[in-house]
Peer 1: 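Handing you a structure now.
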Amino acid sequence: MTDSAAVNVFSFLDYREALRALYAHKKAHEYGFSHRAFSRRAGLKSTNFLKLVMDGERNLSPEAAQRFARALNLGAAEADYFCELVQYNQARSTRERATAYERLSKLKPLRAARELDASQNAYHARWYIPAVRELAARADFRDDPAWIARTLAPSITRAQAKKALETLLTLGMLVRQGERVVQADPELTTGPTPLGHHLADFHRAMIDRGREAMDLFPRDEREIGAVTMCIDDALLPALRERIQAFRRELLTFEHTGDRKRVVQVNFQLFPLTKKEMP
């Protein structure tokens, strides 16, 4: 019996999370299993390499990924998926990541899970699809592609607006109530799941919208600012949590008055210097 019988490797889109789950399961159910024991099975000289990989301090080469799969007693299908997942997570460009994702999606064991992931993929495929969903919160919303196309900024084509409407209705994010089209749920969030390439592409597109907004809208209709500072690496998790907390707060923000304007609030926290290796 492979370890995926207890830990479903196919449910992960982050190979480091999969490693942590597999290691914890083997540690709890297999006598004598440890980082040292794993290293022996994988033919590694370093006894803490697994921990460094799980902590994100080291990456895996294709050969090392295969060694890890064998040391974790993964079956053939699970091993193939795990190795592809490593390539997906470590891709250096959007194109490489998209190609790796396509390989993942073609693996037979993913058929059941692909529908759920595909819904997120379709929702974030174009920047204007979430915007159209939010536009439906307006009392005067019209499910007319021409009206939607000219209401968005920057404008989109009628064909794009029509496709966005069809996508949102198919996904159940918009529903028909009599003669109106309305939101099925007031809020949506992607939660703490790993950033898939389609979601990363969506964020890139929205960053581009932010750049365009500097020319499209007067200063009193936008707020664009930045803070550059030098901090201890240990404070990064706390900064990320503050941003995440404010994002959650916005989801419960009181919507009063006549809701007419759809806005985008972007958050970015990223290093401007390289991380020093121990």
Side-chain angles (χ1 to χ4, degrees), residues 13 94 97-98 101 105 114-177 180-217 221-224 240 243-269:
L13 275 178
T94 301
R97 195 167 174 84
Y101 182 81
S105 67
R114 191 163 58 236
E115 292 182 2
L116 178 60
D117 192 65
S119 68
Q120 187 186 57
N121 189 6
Y123 182 65
H124 291 105
R126 298 288 184 269
W127 68 266
Y128 49 80
I129 294 179
V132 172
R133 178 192 170 275
E134 200 59 33
L135 192 59
R138 285 178 49 159
D140 62 344
F141 177 74
R142 295 159 55 185
D143 60 329
D144 171 19
W147 181 84
I148 293 171
R150 65 174 179 267
T151 301
L152 291 180
S155 300
I156 61 175
T157 67
R158 291 179 60 181
Q160 289 172 328
K162 182 174 183 292
K163 181 64 176 177
L165 267 177
E166 292 172 350
T167 298
L168 290 165
L169 287 166
T170 299
L171 294 177
M173 294 178 179
L174 293 183
V175 294
R176 294 193 180 277
Q177 288 185 357
R180 294 196 61 210
V181 170
V182 298
Q183 292 180 345
D185 299 291
E187 288 98 24
L188 283 179
T189 178
T190 57
T193 55
L195 201 63
H197 77 273
H198 42 266
L199 189 52
D201 288 345
F202 170 77
H203 287 312
R204 289 187 181 95
M206 282 307 186
I207 290 172
D208 287 341
R209 298 292 80 74
R211 293 168 56 190
E212 293 172 358
M214 297 178 71
D215 297 322
L216 281 176
F217 302 103
E221 292 188 15
R222 55 176 170 82
E223 176 61 35
I224 297 175
R240 292 183 65 226
I243 293 173
Q244 291 164 7
F246 181 57
R247 195 174 65 204
R248 291 191 295 268
E249 182 182 336
L250 285 181
L251 290 175
T252 60
F253 189 73
E254 284 294 330
H255 298 292
T256 57
D258 187 11
R259 296 167 62 180
K260 286 280 191 180
R261 207 73 178 270
V262 177
V263 300
Q264 175 72 15
V265 183
N266 287 342
F267 302 89
Q268 290 95 40
L269 167 65

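Predicted model only: the values in this text are computed from it and were never measured.
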Peer 1: Nearest heavy-atom pair of G172 and A184: which atoms, and what distance?
Peer 2: O-CB, 3.1 Å
Peer 1: CG/L168 to CD/E134 distance, rounded to the nearest 0.5 angstrom?
Peer 2: 11.0 Å
Peer 1: How far does CH2 of W147 sit from CG of L135, to the nearest 0.5 angstrom?
Peer 2: 4.5 Å
Peer 1: Could you point out which residue of K162, R176, R180 forms a salt bridge (Lys or Arg N to Asp or Glu O under 4.0 Å) with D143?
Peer 2: R176
Peer 1: Would the number of heavy atoms belonging to other residues, nucleotides or ligands and lying under 6.0 Å from CZ of R158 be above 12?
Peer 2: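 Atom CZ in R158 is not packed in, count stays at 12 or less.
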Peer 1: Can you tell me if CD on Q268 sees more than 12 non-hydrogen neighbours from other groups inside 6.0 Å?
Peer 2: yes
Peer 1: Check this for me: R209, atom CZ, are more than 12 non-hydrogen atoms of other residues, nucleotides or ligands nearer than 6.0 Å?
Peer 2: yes
Peer 1: I need the L216 CG to R211 CZ distance, nearest 0.5 Å.
Peer 2: 12.5 Å
Peer 1: How many angstroms lie between CD1 in I224 and CG in N266, if you round to the nearest 0.5 Å?
Peer 2: 9.0 Å
Peer 1: Counting only heavy atoms not in E221, do more than 12 sit closer than 6.0 Å to its CD atom?
Peer 2: yes
Peer 1: Within the side chain of R133, is there an N or O that forms a donor-acceptor pair under 3.5 Å with the backbone of I129?
Peer 2: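 Such a contact is absent between R133 side chain and I129 backbone.
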Peer 1: Is R240 atom CZ crowded by more than 12 heavy atoms from other residues, nucleotides or ligands, each under 6.0 Å away?
Peer 2: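 Open.
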Peer 1: If you take all heavy atoms of P154 and W127, which pair is closest and at what distance?
Peer 2: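 Scanning both residues completely, I find the closest heavy atoms to be O-CH2, 3.6 Å.
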Peer 1: Less than 4.5 Å apart, side chain to side chain, heavy atoms only: is that true for V132 and V262?
Peer 2: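 They are not in side-chain contact.
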Peer 1: List for me each residue that meets ring pair (Phe, Tyr, Trp, His ring centres under 6.0 Å) alongside Y128, sequence neighbours excluded, and say none if there are none.
Peer 2: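 None.
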Peer 1: Does any part of the side chain of F141, heavy atoms only, come nearer than 4.5 Å to the side chain of T151, both counted from C-beta?
Peer 2: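 No, every pair of side-chain atoms sits at 4.5 Å or beyond.
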Peer 1: Looking at A137, is its backbone amide N or carbonyl O close enough to the side chain of R259 to form a donor-acceptor pair, meaning the two atoms are under 3.5 Å apart?
Peer 2: no
Peer 1: Search all heavy atoms of A161 against all heavy atoms of A149 and return the closest pair with its distance.
Peer 2: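 So the minimum-distance heavy-atom pair works out to CB-N, 4.1 Å.
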Peer 1: Can any side-chain N or O of R138 pair as donor or acceptor with the backbone N or O of K260 at less than 3.5 Å?
Peer 2: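 A pair under 3.5 Å: yes.
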Peer 1: For the atom pair CD1 (I148) and CD (Q160), what is the distance rounded to the nearest 0.5 Å?
Peer 2: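 CD of Q160 is found 12.0 Å from CD1 of I148.
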